[in-house]
Protein chains: 2
Amino acid sequence: MSQHDLRHRPDLRFNAILHRLSAFATLSVAELQFLRDLSRQTRQHDPRVELCQEGRVPVPRILLSGWACRQRMLGDGRRQIISFLLPGDPCSLLERPAVASHCAVVALTTVTVVEAKALETALTANSTVYPGLALAIRLQTIQDALLLQDQVVRLGRQTAYERMVHLLLELRSRLGIVQMVEGNMFPMPVTQEILADALGLSIVHVNRTLQQIRRDGMLEFRGGQVTILDLAMMEAVADWTPTSLGEQALRSGVG
Amino acid sequence: MSQHDLRHRPDLRFNAILHRLSAFATLSVAELQFLRDLSRQTRQHDPRVELCQEGRVPVPRILLSGWACRQRMLGDGRRQIISFLLPGDPCSLLERPAVASHCAVVALTTVTVVEAKALETALTANSTVYPGLALAIRLQTIQDALLLQDQVVRLGRQTAYERMVHLLLELRSRLGIVQMVEGNMFPMPVTQEILADALGLSIVHVNRTLQQIRRDGMLEFRGGQVTILDLAMMEAVADWTPTSLGEQALRSGVG
DNA sequence: CGGTCCATTGAGCTTAGTCAAAGAGCGTGG
DNA sequence: CCACGCTCTTTGACTAAGCTCAATGGACCG
């Protein structure tokens with residue numbers, strides 16, 4: 001299968017960062033050029049590689065392609081995925097060492113990352129040089145906090161079925177920003193074990209829940225691709241609100 | 001009973017803000033005076049009052065006494081408490097409207113709050129006037145993010161028993177910063193329903209879990225006061241790490 | 001004294017977890 | 001080309017954590 005071709009064409013990979021950041025602020029020509037220069041130096045990592053180790057001083061990066069996650073391990077091996085990092089997402093960029101080092105960032109698929117040290121120094125040294133980038137990164141951080149609140153609600157007060165649907169809606173929404181949703185399809189390159197660790201469920205239960213959702217005609221899930229069949233039903237099931245992602249709130253909060 | 005006397009003596013109430021902020025940064029005499037002036041104007045609210053409504057433009061405040069929480073409601077009435085706000089905690093201070101308006105802030109007890117608009121303007125206008133306060137507030141925000149990660153791990157991967165112990169350790173640790181832990185006792189002025197909504201459990205199960213913890217000799221819980229009896233056992237049960245609160249990480253991240 | 005709010009208890013049920021085994025898909029090497 | 005091993009998905013049977021419903025008891029208050 002070649003469903004990943006699109007995501008691995010270099011120009012479109014770069015688009016992930018571009019789309020993500022320009023979704024949050026209007027970027028000047030100079031800023032776009034800066035990002036372009038930045039993304040010349042990419043590095044690849046295999047699945048399971050720790051991009052940031054828990055307790056280590058973090059290196060600022062931006063994810064170009066592939067999926068990663070922030071995660072925490074309990075003493076006996078239980079894992080909780082705090083959040084997913086999708087193409088275009090910065091990772092420990094302009095974060096205090098304290099926050100970044102508090103949980104590990106791990107590649108879930110093969111990932112391409114950009115070293116963003118230059119961006120970080122440019123922004124901390126003089127915040128007026130790239131005002132658009134500064135704003136975009138700040139809003140990105142806010143988005144992050146909102147998603148974390150959603151995660152808490154999911155884990156605390158939603159059933160397995162609702163959790164799964166809600167997470168899929170979140171991923172669809174976020175992938176849409178970086179143009180990775182085509183029609184009602186989007187890539188989903190993770191195993192059911194990973195979904196289990198994100199949703200606080202067992203692998204077996206994730207499997208059965210997904211089957212139920214498919215049987216109810218809400219979506220298809222084959223070959224690493226999700227196809228939404230009944231968006232309205234999914235939104236009703238998951239108690240989804242458009243502001244759940246914070247897009248509208250973000251825009252209104254800027255002006 | 002008069003176990004709340006201490007917390008209602010004005011000078012000690014003020015100490016909450018003082019303790020909280022000076023735990024994160026060394027404050028100058030001018031900064032201390034600024035806080036003192038700020039806390040002249042206090043306002044009281046009853047339990048269940050919404051300090052910030054979901055979707056409204058938030059007013060920057062600091063909690064002087066009493067407990068509050070950030071919460072989100074689902075369409076059918078289910079409630080999830082995102083985080084507890086304790087004395088000394090700022091509430092939508094220097095937060096983007098987007099984040100603050102995404103969930104409601106509700107008083108859990110009678111609360112005294114300080115309007116912190118003046119602090120916010122002072123910090124945004126010129127960040128060099130009160131460098132200590134600016135740093136303290138920034139670190140406070142970081143602390144918040146770390147606690148949210150802890151909450152995700154609790155809800156996602158810990159049992160009811162572990163969750164409860166872990167939350168109690170978190171509260172003890174946070175109350176310690178504002179000098180509200182005396183020996184191994186601290187105030188716990190919330191109902192079991194509130195604990196349930198914070199921990200993603202039912203009221204009944206919270207009740208049984210607390211009983212089990214008491215029976216196991218880890219703590220006592222009477223008259224709105226918790227007494228820790230076996231801290232080591234609690235830390236072992238909850239997989240507690242000293243950096244869980246981020247205190248150490250915070251300090252190391254500053255220098 | 002009745003009312004209200006909260007804690008507690010019991011019984012039965014449901015959701016989700018565990019254990020174990022069987023397919024399915026894929027890459028590799030013979 | 002096929003067999004093997006690996007990883008991931010799927011299924012069944014059973015278990016257990018936690019929920020719901022319903023009732024009781026205790027404390028406080030007007």
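Remember, predicted model here, so these are calculated numbers, not experimental data. Each chain gets a letter, A, B and so on, in the order its sequence line appears, and its residues count up from 1.
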Could you check whether any side-chain heavy atom of [X] comes within less than 4.5 Å of a side-chain heavy atom of [Y], counting everything from C-beta outward?
| X | Y | value |
| --- | --- | --- |
| A:Q151 | A:E170 | no |
| A:V114 | A:I17 | yes |
| A:Q71 | A:D197 | no |
| A:W240 | A:L231 | no |

> By ring pair (Phe, Tyr, Trp, His ring centres under 6.0 Å), which residues pair with A:F186, not counting sequence neighbours?
Replying inline: none
>> Within residues 157-164 of chain B, which residues have any heavy atom lying less than 4.0 Å from an atom of DNA chain D?
In response: B:T159, B:A160
>> Run the salt bridge (Lys or Arg N to Asp or Glu O under 4.0 Å) test against A:R163 and tell me which residues pass, sequence neighbours left out.
In response: none
> By salt bridge (Lys or Arg N to Asp or Glu O under 4.0 Å), which residues pair with B:E193, not counting sequence neighbours?
Replying inline: none
Rounded to whole angstroms, how far apart are [atom1] on [X] and [atom2] on [N]?
| X | N | atom1 | atom2 | value |
| --- | --- | --- | --- | --- |
| A:R208 | D:dT9 | CZ | C1' | 12 Å |
| B:H205 | D:dA16 | NE2 | P | 15 Å |
| B:L155 | C:dA16 | CG | P | 15 Å |
| A:M188 | D:dT9 | CE | P | 11 Å |

> Counting distance only, does the side-chain N/O of A:R61 pair as donor-acceptor with the main-chain N or O of A:V113 below 3.5 Å?
Replying inline: no
>> On a heavy-atom basis, which atom in A:T159 and which in B:R78 lie closest, and how many Å separate them?
In response: N-NH1, 4.3 Å
> Which parts of residues 73-83 of chain A get close to DNA chain C, meaning a heavy atom less than 4.0 angstrom away?
Replying inline: none
>> Does this structure show an ion pair linking B:R70 with B:D144, if we count only N-O contacts that are shorter than 4.0 Å?
In response: yes
Under 3.5 Å between N/O atoms: give me all the protein pairs with nucleotides 5-8 of chain C, atom names plus distance.
unit_1	atom_1	unit_2	atom_2	d
C:dA7	OP2	B:Q192	N	3.1
C:dT8	OP2	B:Q192	NE2	2.9
C:dT8	OP2	B:N207	ND2	2.8
C:dT8	O5'	B:N207	ND2	3.3

